[in-house]
Amino acid sequence: MNGFSPARRFVRMFFQLLSLLTLTFPAVATVPPLAERDIVFYYGSRPPVDDLRHFEQIVIQPSQVLAHERTQLLALPSTIFAYVSIGEVARNSEDISRIKSKWSIGTNPTWNSLVMDMSSSAWRDYLLDQHFGLLWQQGYRAFFLDTVDSYLLAARDGKRREQQEQGLQLLLAEVKRRYPGVKLLLNRGFEVLDKVAKHADGMIAESLFHGFDPLTGKHAPTKPETRQWLINQLRRAQDEFNLPVTVLDYVEPGEWAEAEKTAKQILELGFMPWVANGDLTWLGQGRVRLMPRRVLAIVDGSPAEQWNQPLFKHVATPLEYLGLAIDYWYIDQQGLPIEPLLGRYSGVVSWLPTDLEGRYGGVCSRLQREADAGLPVVLLGNVPAGVACRRLVGYAGDNQPITHALTAESAHQLLARPEHLPVVGSGTPDLRIEALGEPWLTLSGENQRFHPVAVTASGGYAVHPHLINENASGQHQWLLDPVAFLRAALRLPLQPAFDLTTENGRRISLLEIRADQLFRTDAATGVSAYDKLRSLLNQYQEPVTIGIIEAEIRDDEQKQKVQQLAALPHVRLASHTYSHPFYWPVFIGERDADQALYKYSVQVPGYAAELSRETAGTLAFLQSIDDQAAPLLIWSGDGKAPPAAVAAAEQGDMLHIGGGGLHWQTGSLSLADLSPLLKPSDWGVQVLTPLVAEPLFARLWYGELLNYRKVIEWNQLLDGPQRWRPASLSLHADALLRNGAATVIDEAIRQQQREETLPLWLDEFVRRARSFQQASLARDIDGRWQVYAGELRTLRLPASAGLVAISDDVAGFREHHDQRYLHLTSAAGELEFVSAAEKNRPLLIHASAPLQHWQLSKANQATFRLQARGQAELQIPAGCRVQINEQALPARVVQGGLRVVVSAAQAAEELSLDC
């Protein structure tokens, strides 16, 4: 039957009427709280994506963003606003050659731009096609519309102005119609709010307290009368039209006190602030301010030579201990960025070769601007010659080597110079710090004083031969305390440091076995390496990662045996490449290393090593053995993967680890020979072996078996007052065939198990290590810390820094010597310091498994759960109890409350706190 029944017709008419009413009278929007709309403007190149995630709204210049950066930005949970100028076209823009003269109605000499005719349908079509349309195709779903009211420069009143405003309204309505769900921020446009507010999602206004003059490049306070007029307009936009308002003010880079004062003034008015420089390339101050934890490392050479860079080999490790991520910049290949480094970096560290010709003078000139704005610059190894570098450092002397004998006159108490090493005079450069600096080492000779190590007004320096000593066997040793010196020279503030050694109050432990010659059989006993490994694994239950060489699995029987290993609940498989290339630099034309002791690789007939096959090409085979295998590649051999190999692994979405570790010849462990944990590059982040990489543990097993006991000693030494590394054991499967090897391995594993650790599979650690490079910190204007940790779960602070509140984001803390390790519960959170210990909150003291869930309520109720492989200890308030299925767990009385131990079986259940 056609048509509608009377009842259905009435319903249809009702909803049609409701629709008309909705179109006529827009729903009243509620302006979201300030804390929910933090905003940042960044118009420079190389947007710091990981840091920008602290803002709900990010405004960028699309022309400055590369394709991969755009992908990263659009993957953030933030709203990314693409800048579009709708009322003006700069004469130096890429649009200018396509602009018809009849589309313009005037000029703006201040910005050297054309004022566009908003009443022109051709101009509006150009904007819709060449700007909004293209940006929408690229993935942008929000736009910041600049120069909204520029038409007033040429059409101040009358019919001409009315036509311009009608054209503006038509443009915004068409953008909203063509792109459903699009968000629009308007830069001013107060005169047409009654017409366009319904199309807007927010309003921006510049220069409330401080303005910027593009002709002079100067920042200056605004006039009081202009300020009051703007405040009135902004209140009208927010109160009458329910538009969230952001105020954009301008100060010189580095004027942090003025920026914060201005931001607070704007917040007091009820508006969201962003205070930066006029070019919007300085990451300044909003309601939230980024607290940089990245260092720009300036080195010579090329990325392929990174393995041999002294800054990478020696300095990166103490920088990582300080919680700092490193961006390497190869100054011989490209000049420094033009955007301010201040605000996105905590400092600059360089290690450049001897430069007597002054070829790095341009680098010093560029860094001088940063130093003047307050960014610390630390020069290591050598101070480049030239007037610019002399000014940057602030030294007197000719910077030439001294040839006569010198004696030590004084040394800073934090220098920590080894007493048994003599002062070397020959080669010390003629450097003297005058008024604006603090010498850390003073040498004298022939009535002169020299300062080869100093903290200066611009940062600091430490030069040869008073930085690192190299002995006859090639071992290196610091001649100063690198942590103390870098902390002082970089003027690092007291802020949380991300930590890769600890989780839930316990030192992380790793056990990794590389299945080299897994099916090799001892001719005398008939026992294979596989048999020995299976027997070993049956003795332990803690997580172990086994790296499989695909080309070694030659038949179904061997494949089934590997599947039996994978079936063990504490075993996780990873790839150890296809054919086990040993010397990776051959892929970039370097010769093999003749001194390598262990050159094992699988000879596959008709196969020549190919990077994608050796890396991501192994994943399908690995998962055919075990669909739960980790997408992890353990680099074989020396692990010095060239850029193309790293790129191949990254393109296959494989995690990867290998290379690095301790560079040891003889004697005691030296931190100067301990590689960093991360090797970041433009191709991806390679996680390095924490302690003993393949060339070294091959040597310890095959050349000097008993020396493998040194690994036990090294693991203990690296857990001193400064915890440098997780506990880490790595070995080859075929090492088990060596006489006495089983005893040594058992000793090493049992020693590691006796310690209070949290064991992880290798892929879990790699995820945490990669997060270290991407983690970020910010602080809101009220002093609360915002943390993005990714897969990391630990922050470290000096115990003297104060107590952090236990919350949904922080499950507890534990002290190790003078350091306090905070247990994070998730990828992102907030820290708030408290004046005294909270007696009404549960506290996770330590746990031997990762947290899966932790939630507190205001009524002091809590639920939590660990992964099903470890126990935990909690402190809870008196009168409370921890329950599983309404059954209370035993508790003992301690000072401050009750202690409860949760077993591994119990920890996997949903536990609740009842008070």
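What you see is a predicted model, and the numbers here were worked out from it, not measured in a lab.
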| query | Rounded to the nearest 0.5 Å, what separation is found between the CG atom of L691 and the CG atom of L510? | reply | 10.5 Å
| field | Plane angle bin for F41 and F144 - parallel if under 30°, tilted between 30 and 60°, otherwise perpendicular | value | perpendicular
| query | Taking all non-hydrogen atoms of both residues, which atom of V571 and which atom of W761 are closest, and how far apart? | reply | C-NE1, 4.0 Å
| field | Salt-bridge contact R572-D763 (side-chain N to carboxylate O under 4.0 Å) | value | yes
| request: May I have all residue pairs that pass side-chain hydrogen bond (donor to acceptor under 3.5 Å, both in side chains) and include part of residues 314-331, sequence neighbours excluded? | output: R294-D327, Q306-Y330, D327-Y345
| query | Is a salt bridge present between E557 and K559, judged by a nitrogen-to-oxygen distance below 4.0 Å? | reply | no
| Are S45 and E339 close enough, and set up right, to give a side-chain hydrogen bond (donor to acceptor under 3.5 Å, both in side chains), and what steps lead you there? | CA-CA 8 Å; S45 60; E339 296 89 1; 2.6 Å; yes
| message | Among R793, R507, R796, R723, exactly one meets salt bridge (Lys or Arg N to Asp or Glu O under 4.0 Å) together with D499. Which residue is that? | response | R796
| Ring-face cation contact, Y821 with R506, 6.0 Å cut, 45° max | no
| Spacing of CD belonging to Q852 relative to CD belonging to Q867, to within rounding of 0.5 Å | 5.0 Å
| Note: E550-R613 ion pair, threshold 4.0 Å (strictly below) | yes
| message | Run the side-chain hydrogen bond (donor to acceptor under 3.5 Å, both in side chains) test on S776 and Q774 for me, step by step, so that the C-alpha distance in whole Å, both residues' side-chain angles and the decisive distance to 0.1 Å come before the verdict. | response | CA-CA 6 Å; S776 58; Q774 301 160 349; over 6 Å; no
| Test ring-ring contact (aromatic ring centres under 6.0 Å, His included) applied to F143 and F81, F132, Y83, the passing residue | F132
| message | One thing to verify: whether R46 and E69 come together as a salt bridge, which I'm taking to mean a side-chain N less than 4.0 angstrom from a carboxylate O. | response | no
| message | For E503, give me all partners under salt bridge (Lys or Arg N to Asp or Glu O under 4.0 Å), at least two apart in sequence or on another chain. | response | R768
| Centroid separation F697 to H732 less than 6.0 Å | yes
| query | Going by heavy atoms in the side chains, are L777 and Q495 under 4.5 Å from each other? | reply | yes
| said: Less than 3.5 Å apart, any donor N or O on the side chain of Q564 or Y530 sitting next to an acceptor on the other? | reply: yes
| field | Partner residues of R770 under the salt bridge (Lys or Arg N to Asp or Glu O under 4.0 Å) criterion, sequence neighbours left out | value | E650
| request: Taking atom NZ of K561 as the centre, report whether more than 12 heavy atoms of other residues, nucleotides or ligands fall under 6.0 Å from it. | output: yes
